[in-house]
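The model shown is predicted, which means the values in this text are computed figures rather than measured ones. In what follows, chains are A, B, ... by sequence order, proteins preceding strands, each numbered from 1.
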Amino acid sequence: MTEEKGINFIEEIIEEHLKEGKYQQIITRFPPEPNGYLHIGHASSICLNFGLTLKYGGYTNLRFDDTNPVTEETEYVESIKEDVKWLGFEWKNELYASDYFDTLFQFAMRLISKGLAYVDDSTSEEIAHLKGTPTAAGKNSPYRDRTVAENQDLFERMKNGEFKDGTKTLRAKIDMAHPNMLMRDPVLYRIKHAHHHRTGDKWCIYPMYDFAHGQSDSIEEVTHSICTLEFVPHRELYDWLIEKLEIYPSRQYEFARRNLTYTITSKRKLLQLVNENHVTGWDDPRMTTISGMRRRGFTPESIRDFCTRIGVAKRENMVDMSLLEFCVREHLNKIAVRRMVVLDPLKLIITNYPEGQSEEVFSENNPEAENSGGTRSIRFSRELWIEKEDFMEVPAKKWFRLAPGAMVRLKSAYIIRCDECVKDSTGNIVALHCSYIPESKSGHDVSGISTKGTIHWVSAAHAEKAEVRLYDRLFSVENPVADEGDFLSHVNPRSLQVIPEAYIEASLKDAAKGEKFQFIRKGYFVVDDDATAEHLVFNRTVTLKDTWDKERKK
RNA sequence: UGGCCUAUAGUAUAAUGGUAGUACAACAGAUUUUGGUUCUGUCUGUCUUGGUUCGAAUCCAGGUAGGCCAACCA
C-alpha cells in the first residue's frame with residue numbers, strides 16, 4: 001500500500017519553501033470584511049489557511065479587512081469570530097486593518113515623497129474616463145505632475161478633513177498605458193466622512209483594499225497570503241507596493257473559489273435574501289452560511305471533511321451538493337442517536353392487544369456506536385401512530401411495507417399483520433386494523449416469521465408532540481446565477497415545509513437545543529434555537545438516502 | 001482590438017516525463033429488525049492540432065472553450 005500524497009498546489013509551494021529554507025514558519029491569515037456573514041465558500045478558505053499552518057507549523061491570524069466604514073458593522077465581526085471558532089479553528093491574533101491606519105498613512109507619505117503617488121482632484125467619472133479600457137490605453141490625469149511638496153500638503157489636508165467626500169483621491173503614479181488596468185494609477189486613498197466601527201470619527205480618509213491588504217500582510221509578516229482567483233491581477237500591484245515601500249515581502253497565492261450546486265455564495269445576494277425576507281435571517285437553516293448550516297444541524301467535522309474532499313485548485317468548478325450531504329450524513333450516522341417520530345400520522349389499532357394495556361420495549365440508541373450506544377425504553381400499546389406512506393392499499397411492485405394481508409415488523413416490538421383498512425364516508429383511509437403475533441417480540445422472537453419490512457411507530461397514548469421543519473434546497477436549479485435573469489426567480493417555493501404537530505417518542509421530550517438525532521427512516525434532525533420547554537422544534541438536517549424513493553420513481 | 005488565469009469520468013480532485021487513480025453521483029448485487037449503515041462489483045475521462053522525447057495528462061507552440069480585469073467595493 002502506497003500512501004497517496006495528494007497535496008494541493010499551495011502545499012506543494014510551501015513544502016518547497018520549507019525545503020529550501022526560505023521560511024522558518026508559515027504565517028497565514030483569514031481576512032474577512034465584516035460586511036456579512038461567513039458562508040460555505042469562506043469555510044473553504046478558513047480550512048485552507050488554518051489547515052496549512054496546522055500542518056506545516058506556524059500560525060494564522062484573523063484579520064478583519066475593515067477599510068470601508070459604510071458597509072461594515074460590529075455585528076458581523078462577532079458572527080465571524082463565532083463561526084471560525086465553531087468550525088474548530090483558533091487564530092493567533094485578532095487583528096484589524098484599521099489598527100494600521102496610522103502606519104498606512106505613513107506608507108502613503110513615503111510613496112508621495114518618492115514621487116510615486118499624487119493627489120488627484122478628478123471626479124470618479126473623470127478618473128474612470130481617463131482610465132481607458134482593457135483594449136485602449138488610458139490618459140494621464142491633469143493633476144499627475146503635482147510636486148512632492150504640493151502632494152504632501154494636499155494629502156495632509158485630506159486627512160485633516162478640509163475636503164468633501166469624493167473631491168480628491170490619492171493615487172499611485174505608475175503607468176496609464178499599462179496592460180493591467182489595476183496598474184493605471186490605482187486609487188490608494190479616498191475621502192469618506194463616515195463613522196468607522198472601530199476608529200470612530202478619527203479618520204475621514206480610508207485606504208483602498210490594494211493599499212491595505214498587502215500592507216497588512218506585510219506588517220504581520222504573513223508568508224503566504226492566500227486569496228481567490230479574481231485577485232490575480234492585483235498581485236502585480238501587491239508586489240509593486242511592497243517593493244516601493246520596501247517592506248516585508250509577503251507573497252500572494254490564488255486558488256479558485258468553490259461553487260456549490262443549488263446555492264449562491266455572493267454576500268450581496270445573500271444579503272438580498274435576508275433583506276427581502278426570502279429567508280428568516282442570515283442563520284436561516286436553508287442558507288449555506290456557516291450560521292445557517294450550524295442551525296440546520298451540520299457539524300463542523302462534516303464541513304471540514306467536505307472542504308478537505310473538494311480540494312484546492314485553480315480551475316472553475318461547481319461542486320455537487322450531494323458531496324456535502326454525504327459528509328453530513330457520514331458524520332451524523334456515527335454520532336446521532338436514533339429515535340422514532342411519526343411525521344404524517346395514520347392510526348394503527350392492534351385488535352388482539354388488550355385495551356388499556358401497555359408494555360415496555362427496548363431499542364438500540366445507535367447501531368453504529370459501540371454496544372449500540374445502549375438502549376432506551378419505549379412504551380408499546382394497542383393504538384399506535386405510523387406513517388401514512390408506510391401503507392398502500394394496492395401495493396406497488398417490490399413493496400414490502402404494510403398492505404392488506406401483509407406483515408411487517410414494528411421496530412423493536414412485534415410483527416403485525418394488516419387485517420383491514422378503515423375508511424371514512426369519503427373513502428379516505430382513517431385507520432388500520434392489525435393483529436400482532438405475541439411470540440414475535442423483539443429479542444424474544446420464537447415465531448419463526450421473518451418480514452422484509454420494518455416500520456417505525458409511536459404509541460398514541462404515550463406520544464409527545466413537536467413542531468418539525470422540513471427543509472429542502474433553497475434554489476430549484478443547480479446554478480441560480482447562471483443566467484442574467486433574477487436569481488430570486490429560482491427560489492424553491494417548497495424549501496420549507498412545517499409540520500406543526502408531529503408525534504415523537506417520549507424520550508425526546510427533554511432534547512436540548514442543538515442536540516442531534518436520527519429519526520429512524522426519516523433523516524437527521526436537530527433541535528432548533530426556537531425550541532422552548534413547552535414547544536419543541538426540530539429542523540431536518542438532511543434526509544436519509546432513500547433507495548425506495550428511486551425504485552418508486554422507476 | 002489588450003493583459004492575465006484555467007482545461008483529466010456527470011462532479012470534484014490525484015498522477016510532477018514511465019501502468020490514468022481516489023471520492024461523490026449513477027447502476028447492479030450481498031448483508032440488514034432503519035428500503036439507513038456496511039460490503040462487493042459495473043460504468044464513464046486526459047479539449048484539439050502539431051512539436052520535443054525511447055516514452056507526454058505532464059514540457060513547448062498554435063488553435064478552441066471557459067473565467068477574470070475598465071468601484072473613490074473587498
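Of the residues listed (A:F105, A:F107, A:Y118), the one engaging A:F155 in a ring-ring contact (aromatic ring centres under 6.0 Å, His included) is A:F105, and it is the only one.
Counting non-hydrogen atoms under 4.0 angstrom, A:D445 reaches nothing in the nucleic acid. Across all strands shown, A:E325 has no heavy atoms under 4.0 Å from either base or sugar-phosphate atoms. Note on A:D546: only backbone sugar-phosphate atoms sit closer than 4.0 angstrom, heavy atoms only; bases stay farther off. Nucleic acid contact class of A:S122 (heavy atoms, under 4.0 Å, all strands): base. Across all strands, A:K267 comes closer than 4.0 Å to no nucleic acid atom at all (heavy-atom distances). Contacts of A:T547 with the nucleic acid, taken as non-hydrogen atoms under 4.0 Å apart, involve only primed sugar atoms and P, OP1 or OP2. Using a 4.0 Å heavy-atom distance criterion, A:F231 is classed as a base contact. Contact annotation for A:H234: base contact, defined as any heavy-atom pair under 4.0 Å involving a base atom. Using a 4.0 Å heavy-atom distance criterion, A:W457 is classed as making no nucleic acid contact. As judged by a 4.0 angstrom heavy-atom cut-off over every strand, A:G443 is placed among the base-contacting residues. Contact annotation for A:F400: base contact, defined as any heavy-atom pair under 4.0 Å involving a base atom. Within the nucleic acid shown, A:R315 comes within 4.0 Å of at least one base atom, counting heavy atoms only. No engagement by A:R329 is indicated, since no non-hydrogen atom pair under 4.0 Å with the nucleic acid exists. Within the nucleic acid shown, A:I310 comes within 4.0 Å of sugar-phosphate atoms alone, with no base atom in reach, counting heavy atoms only.
With a cut-off of 3.5 Å on both Watson-Crick or G-U wobble distances, the partner of B:C68 is given as B:G3. If you check B:U11 for Watson-Crick or wobble pairing at under 3.5 angstrom, you find it paired to B:A23. The nucleotide B:A61 finds its pairing partner in B:U49, both defining distances of the Watson-Crick or G-U wobble pair being shorter than 3.5 Å.
If you take atom C1' in B:U34 and the same atom in B:G66, they sit 45 Å apart, rounded to whole Å. The gap from the C1' atom of B:C73 to that of B:G17 amounts to 45 Å, rounded to the nearest Å. Comparing B:G45 with B:A25, their C1' atoms sit 15 Å apart, to the nearest whole Å. Rounded to whole Å, the separation between the P atoms of B:A74 and B:A70 comes to 13 Å. B:U48 and B:A56 have their C1' atoms separated by 15 Å, given to the nearest Å. With both ends at atom P, the span from B:G36 to B:G29 equals 13 Å, rounded to whole Å. The separation of B:U53 from B:U58, taken at their C1' atoms, amounts to 13 Å, rounded to a whole angstrom. Taking the C1' atoms as reference points, B:U8 lies 27 Å from B:G3, given to the whole Å.
Atom-to-atom, CD of A:E230 to P of B:G67 comes out at 14 Å; the value is rounded to the nearest Å. Rounded to whole Å, atom P of B:A14 lies 9 Å from atom CD of A:E11. The CG atom of A:L343 sits 19 Å away from the P atom of B:U34 (whole-angstrom rounding). Atom pair A:N68:CG and B:A74:C1' shows a separation of 8 Å (rounding to whole Å applied). Atom CE in A:M208 sits roughly 5 Å away from atom P in B:A74 (whole-Å rounding). Straight-line distance from the CZ atom of A:R184 to the P atom of B:G2: 13 Å, rounded to whole Å. Between the CZ atom of A:F525 and the C1' atom of B:G36 there is a distance of 13 Å, rounded to whole Å. Rounded to a whole Å, the CD atom of A:E316 is 8 Å from the C1' atom of B:U6.
Of the candidates B:A12, B:C73, B:G2, the closest approach to any side-chain atom of A:K192 belongs to B:C73. Considering only the side chain of A:R258, B:U13 comes nearest among B:G36, B:U13, B:A74. Here the nucleotide nearest the side chain of A:R309, chosen from B:A23, B:U13, B:G36, is B:A23. Out of B:A12, B:C4, B:G2, the shortest distance to the side chain of A:V232 is found at B:C4. Counting only heavy atoms from C-beta on, A:I520 has its side chain closest to B:U34 among B:U34, B:C24, B:G35. With distances taken from any side-chain atom of A:K398 to the nucleotides B:C72, B:G35, B:U34, the minimum falls on B:G35. Side-chain proximity of A:P179 to B:G36, B:G2, B:A12: nearest is B:G2. Of the candidates B:C24, B:U1, B:A70, the closest approach to any side-chain atom of A:T133 belongs to B:A70. Residue A:E33 places its side chain closer to B:C73 than to any other of B:C73, B:A7, B:A70. The side chain of A:R521 lies closest to B:G35, out of B:G35, B:A74, B:U6.
Residue A:R190 places at least one side-chain N or O closer than 4.0 Å to OP1 or OP2 of B:A74. Contact annotation: A:T67 reaches the phosphate of B:A74 (side-chain N/O to OP1 or OP2, under 4.0 Å). Phosphate contact (OP1/OP2 of B:U32, side-chain N/O of A:K452, threshold under 4.0 Å): absent.
Ring to ring, A:Y189 and A:Y206 are not that close: their centroids are 6.0 angstrom or more apart. In this structure, the ring of A:Y96 has its center less than 6.0 angstrom from the ring center of A:F64. Centroid-to-centroid, the aromatic rings of A:H234 and A:Y209 come within less than 6.0 Å. Taking the six-membered ring where the residue is Trp, the centroids of A:F9 and A:Y253 are separated by 6.0 Å or more. Checked against a 6.0 Å centroid threshold, the rings of A:Y238 and A:F231 do not count as neighbours. Taking the centre of each ring, A:Y414 and A:Y436 come in below the 6.0 Å mark.
Within 6.0 Å of the CD atom in A:E370, the count of heavy atoms belonging to other residues, nucleotides or ligands does not exceed 12.
Side-chain atoms of A:E368 come within donor-acceptor range of the base of B:G36, with a qualifying N/O pair under 3.5 Å. Judged by distance alone, with hydrogens and angles left aside, A:T454 brings no side-chain donor or acceptor close enough to the base of B:U34 to form a pair under 3.5 Å.
Toward the 5′ end of RNA chain B lies the nearest nucleotide of A:T135, the other residue of the pair A:M318 and A:T135 mapping further downstream. Position along RNA chain B of the nearest nucleotide to A:V312 versus A:W399 favours A:V312 as the more 5'-ward residue.
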query: Would A:Y524 and A:F519 count as a ring-ring contact (aromatic ring centres under 6.0 Å, His included) if you check the C-alpha gap in whole Å, the side-chain angles of each, and the deciding distance to 0.1 Å?
result: CA-CA 6 Å; A:Y524 294 99; A:F519 291 174; 9.7 Å; no
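Using a 4.0 Å cut-off between charged side-chain N and carboxylate O, A:R63 and A:E220 make a salt bridge.
Because its glycosidic torsion is more than 90° from 0, B:A23 is reported here as anti.
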